Amino acid sequence: MTLKLLECPSMDVTTILSNLNPAQEEAVTSDKKHLLVLAGAGSGKTRVLVHRIAWKIQVENFSPYSILAVTFTNKAAREMRERIDELLGMPLRGMWVGTFHGLAHRLLKAHWHDAKLPENFQILDSDDQLRLVKRVMRGMDLDEQRWPPKQAQWWINGQKDEGLRSAHIQEGGDPFLTTMLRIYRGYEETCESLGVIDFAELLLRALELWKENPEVLEHYQGRFQHILVDEFQDTNAVQYAWLRILAGTRSAVTAVGDDDQSIYGWRGAKVENILSYERDFPQTHTVKLEQNYRSTSNILTAANGVISKNAERLGKNLWTDSGEGESIALYAAFNEHDEARYIADRLQSWVNDGNRRDDSAILYRSNAQSRVLEAALLQAEIPYRIYGGQRFYERLEIKNALAYLRLMLNCHDDVAFERVVNVPPRGIGDRTLELIRELARGNNTTLWSAASLVVSEKHLTARATNAVTAFLELINDMSGQLEELPLAEQAENAIQFSGLIEMHRREKGERGQARVENLEELISACRAFEAEDRDIPILPQFLDQVALDAGDRQADEDQDAVQLMTLHSAKGLEFPLVLIAGMEENLFPHKMSLDEPGRLEEERRLAYVGITRAMQKLYLTFAESRSIYGSESFNSVSRFVRDIPKEVIEEVRIHNTIARPTSYAASSIQSDQGDNTGFQLGQQVNHKVYGEGVILNFEGNGPRARVHVSFEQVGTKILILASANLAAV
Ligand code: ATP
Ligand code: MG
């Protein structure tokens with residue numbers, strides 16, 4: 001590296017500084033210890049961060065080993081690494097880049113003993129966490145109706161995000177607080193005894209690791225001379241404390257962010273950290289970036305129109321010298337199906353015009369909106385990918401398979417035990433399980449140990465004993481072979497011998513088929529997995545990676561596909577084409593935010609984030625009537641649309657695009673009439689097996705005439721009309 005610098009220093013400097021404006025260059029090369037870049041969307045904050053790292057390494061000769069970079073998602077971390085490699089012309093080694101959670105995990109793995117964790121501690125994802133909270137509550141005989149476990153989970157995570165353990169919280173007379181505190185305490189104890197930690201715990205535990213082990217802290221403080229943080233506006237209290245303590249008095253900190261894009265307040269993020277920063281890191285050099293390089297001026301005008309209505313702002317100007325570009329298209333849909341079809345239609349044209357699907361994104365406020373959009377995309381045969389939705393590793397069959405792998409690694413993993421002890425069904429009923437749980441509680445042991453005890457002490461009927469014994473033997477047999485086998489074969493064994501794959505093979509219909517395929521895909525994933533550290537067995541490394549990825553809001557990318565994601569997950573990303581669906585009051589802004597000015601401002605920032613993702617073309621759509629969360633509602637167009645200056649909006653006229661159900665025949669989309677079928681497009685129908693759904697399309701005539709129905713439970717199905725026996729609802 002040094003050699004290269006000596007040979008051709010000027011070229012390296014030119015590469016790093018090329019395509020930076022003066023303000024960006026000032027930020028990249030600043031020799032002030034602390035730097036704060038506070039700037040609007042698309043102004044090059046992330047770019048500055050990447051170039052500053054390259055600058056430190058290439059020009060100022062810092063070792064990559066001395067740099068720590070924090071990003072918001074694992075995907076962003078991977079991209080950052082690639083971009084730095086590209087700038088430097090060689091792969092980087094030794095630099096730590098990751099999310100707060102990923103970095104905390106890495107620390108805890110390295111210092112598990114000091115962190116008072118077992119060496120092979122497991123990460124609980126949100127689902128596992130909820131199951132554990134429920135278990136704790138059952139042990140306390142709390143009524144789930146009165147005390148919803150999800151609420152308790154939320155509360156606990158909120159405390160941890162603030163850095164509070166149950167012992168830190170004062171017990172008042174308030175029955176709500178008292179109960180939550182009891183659950184929190186029980187949950188802490190259970191996690192402790194199981195050796196598992198949830199996502200919020202990763203951060204809190206890493207913070208405590210440093211507070212309680214000065215020599216460990218000292219080591220990292222000496223190591224990391226530069227700490228750089230992207231999306232700083234969304235750090236929460238624990239993350240900020242972590243950062244401050246790590247930086248100590250020695251490290252130089254660069255933070256980049258945008259107060260207008262703070263959208264995780266509901267999860268404990270504190271935009272005030274931006275203000276505290278200048279106080280906590282003395283003599284900070286603050287740089288403002290004002291030129292936007294991402295979007296057309298029409299898109300920027302729309303974004304500025306929306307965000308300028310917020311009162312709580314630090315205030316920034318954002319301008320662009322790119323042209324006006326196209327108008328922002330606004331489409332008033334008849335209902336959510338019409339909206340989805342319009343969107344699919346626009347995407348089809350985008351692709352027909354020679355564009356990549358990867359370059360387009362559909363954004364929405366609520367995850368529940370994706371189902372109908374997916375149905376329309378499926379019908380139009382447009383490949384899509386969902387970020388942050390039901391991703392591969394969150395699917396039921398995959399989680400079951402992983403639970404077997406976890407048990408093979410550590411039979412005392414109670415969460416995994418609970419999950420699969422009777423999956424596939426092997427005759428271990430609720431009563432047997434309850435007995436095992438009770439015994440575990442009473443003896444303060446794991447479920448595995450309790451199950452062994454139940455067997456040896458003959459607490460059960462012969463049949464139940466046999467069932468439990470079979471399960472224990474199965475796990476024992478499988479883990480016995482662990483050492484010799486490659487990862488893919490370990491996974492294959494788990495799936496085969498557990499009976500999981502057979503169970504789904506016997507399941508009827510497409511769902512079972514998809515599950516079998518997913519399980520097979522897991523084996524491929526294992527085959528492709530490369531261990532980061534060759535000295536540790538591969539299975540725990542794989543399981544940790546999976547757990548971390550599940551906490552990420554991104555999916556991986558291979559195929560050219562339209563991206564679907566919530567507005568929250570879109571942060572930091574950019575796409576030439578963006579379509580935002582559901583621009584309606586009560587949906588966006590979300591109805592929960594309407595009574596709280598603070599929450600409403602956060603919704604507005606979310607709208608700003610959404611709009612500023614678009615580079616060339618932006619579509620906004622809303623539906624006059626919408627069935628969502630199981631009921632139908634009629635909402636007016638979102639106030640955020642009304643805040644966009646009229647001159648940049650073009651209202652799409654119905655007859656240009658998709659017709660309303662009454663005149664679908666005139667639509668530009670090919671769709672055979674269902675005239676003599678007795679059904680209409682958009683009509684709500686009932687099917688004996690699939691339940692309720694909506695007619696999306698008719699195809700063909702006569703006895704082979706088909707109908708496409710988007711079912712609430714099972715997605716879109718194509719059925720033969722004559723035999724489908726649909727009933728009008
Ligand atoms: P966000 O707030 O959304 O995270 P950001 O401020 O991090 O945005 P970047 O993603 O770094 O912005 O940059 C936005 C786009 O502008 C990127 O495509 C980037 O490559 C481009 N860009 C930034 N600065 C320049 C420049 N000086 N010249 C050309 N392109 C630039
Ligand atoms: Mg960015």
Side-chain angles (χ1 to χ4, degrees), residues 14-29 35-55 69-73 75-80 82-84 86-87 97 99 228-235 254-264 269 271 274 286-297 299-300 302-304 306-307 313-314 316-323 325 358-359 361 363 553-554 565 567-578 580 605-616 618:
T14 331
T15 325
I16 294 173
L17 297 184
S18 62
N19 292 323
L20 293 178
N21 66 29
Q24 291 173 334
E25 182 173 328
E26 180 193 334
V28 166
T29 60
L35 182 72
L36 175 65
V37 180
L38 191 60
S43 59
K45 294 182 297 297
T46 302
R47 189 185 183 92
V48 160
L49 207 78
V50 166
H51 285 243
R52 188 163 166 81
I53 293 172
W55 178 265
V70 189
T71 61
F72 206 73
T73 60
K75 178 170 184 276
R78 278 192 288 270
E79 270 172 21
M80 180 167 288
E82 280 165 23
R83 282 163 75 176
I84 299 169
E86 212 172 287
L87 271 177
V97 194
T99 60
L228 303 98
V229 190
D230 200 359
E231 306 280 3
F232 183 66
Q233 75 280 358
D234 276 325
T235 46
T254 296
V256 313
D258 177 4
D259 57 305
D260 287 334
Q261 293 186 67
S262 152
I263 54 175
Y264 280 96
V271 66
I274 296 186
T286 302
V287 176
K288 294 201 167 178
L289 307 175
E290 298 190 324
Q291 182 170 359
N292 171 295
Y293 288 91
R294 180 180 291 149
S295 311
T296 64
S297 76
I299 291 170
L300 218 51
N304 285 337
V306 171
I307 198 68
R313 297 183 68 205
L314 298 175
K316 293 181 292 295
N317 293 320
L318 206 54
W319 60 277
T320 175
D321 67 2
S322 69
D358 274 340
D359 284 340
L363 311 181
R553 315 215 128 218
Q554 316 293 332
M565 66 191 86
L567 287 147
H568 279 100
S569 323
K571 198 167 70 148
L573 307 178
E574 59 188 21
F575 307 91
L577 172 68
V578 169
I580 308 183
R605 292 192 292 269
L606 192 56
Y608 174 76
V609 167
I611 294 170
T612 53
R613 298 310 98 198
M615 300 164 82
Q616 295 163 16
L618 175 65

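What you see is a predicted model, and the numbers here were worked out from it, not measured in a lab. Counting convention: from 1, in listed order, for ligands and their atoms alike.
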>> Assess, by modelled atom type and distance only, whether the side chains of T46 and D230 contain a donor and an acceptor separated by less than 3.5 Å.
In response: yes

> Looking only at side chains, do Q233 and E231 share a donor and an acceptor under 3.5 Å apart?
Replying inline: yes

[X]/[Y] ion pair, N-O < 4.0 Å:
{"X": "D259", "Y": "R313", "value": "no"}
{"X": "R294", "Y": "E574", "value": "yes"}
{"X": "R605", "Y": "D258", "value": "no"}

>> Once side-chain hydrogen bond (donor to acceptor under 3.5 Å, both in side chains) is applied, do any residues pair with T612, and if so which ones, sequence neighbours excluded?
In response: none

> In chain order, what residues pass the side chain to side chain contact (heavy atoms under 4.5 Å, CB included) check against S322, with sequence neighbours excluded?
Replying inline: T320

> What protein atoms of element N, O or S are positioned under 2.8 Å from the Mg ion (ligand 2)?
Replying inline: T46 OG1

> When you look for protein heavy atoms under 4.0 Å from ligand 1, which residues do they belong to?
Replying inline: N19, L20, N21, Q24, G40, A41, G42, S43, G44, K45, T46, R47, E231, Q261, Y293, R294, G572, E574, R613

> What's the verdict on side chain to side chain donor-acceptor pair (under 3.5 Å) for Y293 and N21, showing C-alpha distance, side-chain angles and the deciding distance?
Replying inline: CA-CA 11 Å; Y293 288 91; N21 66 29; 3.0 Å; yes

> Going through the distances and angles, do L567 and V609 end up as a side-chain contact (heavy atoms from CB on, under 4.5 Å)?
Replying inline: CA-CA 7 Å; L567 287 147; V609 167; 6.0 Å; no

